[in-house]
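Remarks on the structure that follows.
Values reported hereafter were calculated over all heavy atoms of this structure, with side chains retained and with hydrogens, waters and symmetry mates removed. Protein chains get the first letters and strands the later ones, always in sequence-line order, with residue 1 at the start of each.
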There are 2 protein chains.
Amino acid sequence: MKTKVTEVGEFIRQQRERSAISLRKLADRAGISNPYLSQIERGLRKPSARILKAIAAGLSISAETLYERAGLLDGAAHPEVMEAIANDNTLTERQKQALAEIYKSFVEAPGEE
Amino acid sequence: MKTKVTEVGEFIRQQRERSAISLRKLADRAGISNPYLSQIERGLRKPSARILKAIAAGLSISAETLYERAGLLDGAAHPEVMEAIANDNTLTERQKQALAEIYKSFVEAPGEE
DNA sequence: ACAGAGTGCTAGCAATTGCTAGCACCCGTG
DNA sequence: CACGGGTGCTAGCAATTGCTAGCACTCTGT
């Protein structure tokens with residue numbers, strides 16, 4: 001199931017407001033100009049991946065999330081978390097279990113914030 | 001850290017030659033102009049993510065790979081788990097970060113055992 | 001030898017990105 | 001009231017992207 005439709009800028013604004021941070025402050029953190037961030041949030045400009053990455057860092061979210069939102073990555077064809085963990089040979093069994101436990105606790109306790 | 005390595009254009013050229021396909025043909029497949037692809041391969045231009053994605057499709061490789069090479073994504077030593085986490089809609093951003101942190105700490109701290 | 005198709009590259013341009021400077025507005029404090 | 005300091009936004013520009021047109025070179029085949 002894809003969380004599409006939301007424009008990148010719109011999503012960025014949501015995330016920013018959810019963090020109760022001003023536009024200028026986020027622009028500062030991301031190292032970009034505040035007018036430009038403003039235009040991005042309103043969908044007037046299509047930022048480059050470099051800028052998206054900086055914004056993601058400023059928002060403390062993953063760049064992948066923004067890229068996907070921007071249509072720069074298709075979220076399809078990605079393995080599920082549990083499956084990926086199980087298939088990762090660099091993890092010990094104990095680590096796999098620990099990760100799985102944590103993941104499950106997150107999923108089963110929604111609305112967390 | 002890490003992920004220094006080869007320039008993205010250099011990598012593209014390697015992949016293209018490994019496929020024994022001409023520059024023009026790849027440009028055609030990717031739907032971009034051949035002079036521009038030429039400049040990208042020689043490192044004269046920094047292509048946008050949109051173009052990188054198209055090239056990746058033309059080369060039948062994942063966009064993530066190119067993004068990573070271009071410095072648009074970091075980490076990715078173990079993309080499966082990280083991507084699965086990033087694309088899991090049931091997790092909040094905070095939870096995603098937490099899981100990613102834990103996973104990374106596991107992977108980057110070997111010698112366990 | 002010439003024509004033709006294939007290769008990669010240079011030149012020059014329209015459109016877009018991302019910037020600085022500055023406007024209009026809303027607060028709180030003297 | 002006036003003065004900062006905060007918010008988001010508009011205007012205008014330099015730099016960059018990504019394009020079309022065309023050059024120089026190498027192979028084929030006739």
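With C:dT20, C:dG18, C:dC9 as the choices, the nucleotide that has an atom nearest any side-chain atom of A:Ser33 turns out to be C:dT20. Checked against D:dC19, C:dC19, C:dA21, the side chain of B:Tyr36 finds its nearest nucleotide in D:dC19. Among the nucleotides C:dG18, C:dC9, D:dT10, the one closest to any side-chain atom of A:Ile51 is C:dG18. Listed nucleotides D:dT10, C:dG18, C:dG22 differ in distance to A:Arg24; the shortest reach to its side chain belongs to C:dG22. Considering only the side chain of A:Arg42, D:dC9 comes nearest among D:dG18, D:dC9, D:dG8. In the set C:dT10, C:dG18, C:dG8, the nucleotide with an atom closest to the side chain of A:Pro47 is C:dG18. Looking at the side chain of B:Arg13, the nearest of the listed nucleotides C:dT20, C:dC9, D:dG8 is C:dC9. When each of C:dG8, C:dC19, D:dG18 is scored by its nearest atom to the side-chain atoms of B:Arg50, the top-ranked nucleotide is D:dG18.
The CD1-P distance, from A:Ile40 to D:dC9, rounds to 12 Å in whole Å. A straight line from CZ of A:Arg45 to P of D:dG8 spans 18 Å, rounded to a whole angstrom. In this structure, B:Leu23 atom CG and C:dG6 atom C1' are separated by 12 Å, rounded to whole Å. Remark: C1' of C:dG18 and CD1 of A:Ile55 are 11 Å apart, rounded to the nearest angstrom. Atoms NZ (A:Lys46) and P (C:dA15) sit 14 Å apart, rounded to a whole Å. Between the CG atom of A:Asn34 and the P atom of C:dC23 there is a distance of 15 Å, given to the nearest Å. As rounded to whole Å, 13 Å separates atom C1' of D:dT16 from atom CG of B:Leu44. We find that CD of B:Gln39 is positioned 10 Å from P of D:dC19, with the value rounded to whole Å.
Although no hydrogens or angles enter the test, the distance criterion places a donor-acceptor pair under 3.5 Å between the side chain of B:Ser19 and the main chain of B:Gln15. Panel note: side chain A:Arg29, backbone A:Gly58; a donor-acceptor pair is recorded below 3.5 Å. Looking at B:Lys53, its side chain never comes within 3.5 Å of a backbone N or O of B:Tyr67 through a donor-acceptor pair.
Side-chain contact of A:Arg42 with A:Ser38: a donor-acceptor pair under 3.5 Å is present, judged by distance alone.
Contact annotation: B:Ser48 side-chain N/O to D:dT17 OP1/OP2 distance is not under 4.0 Å. Within the 4.0 Å cut-off from OP1 or OP2 of C:dT7, at least one side-chain nitrogen or oxygen of B:Ser22 is found.
Residues A:Gly31 and B:Pro35 each lie close to DNA chain C; by heavy-atom proximity, the contact nearer the 5' end of the strand is made by B:Pro35.
Here B:Arg16 pairs with B:Glu41 in a salt bridge; the nearest charged N to carboxylate O distance falls below 4.0 Å.
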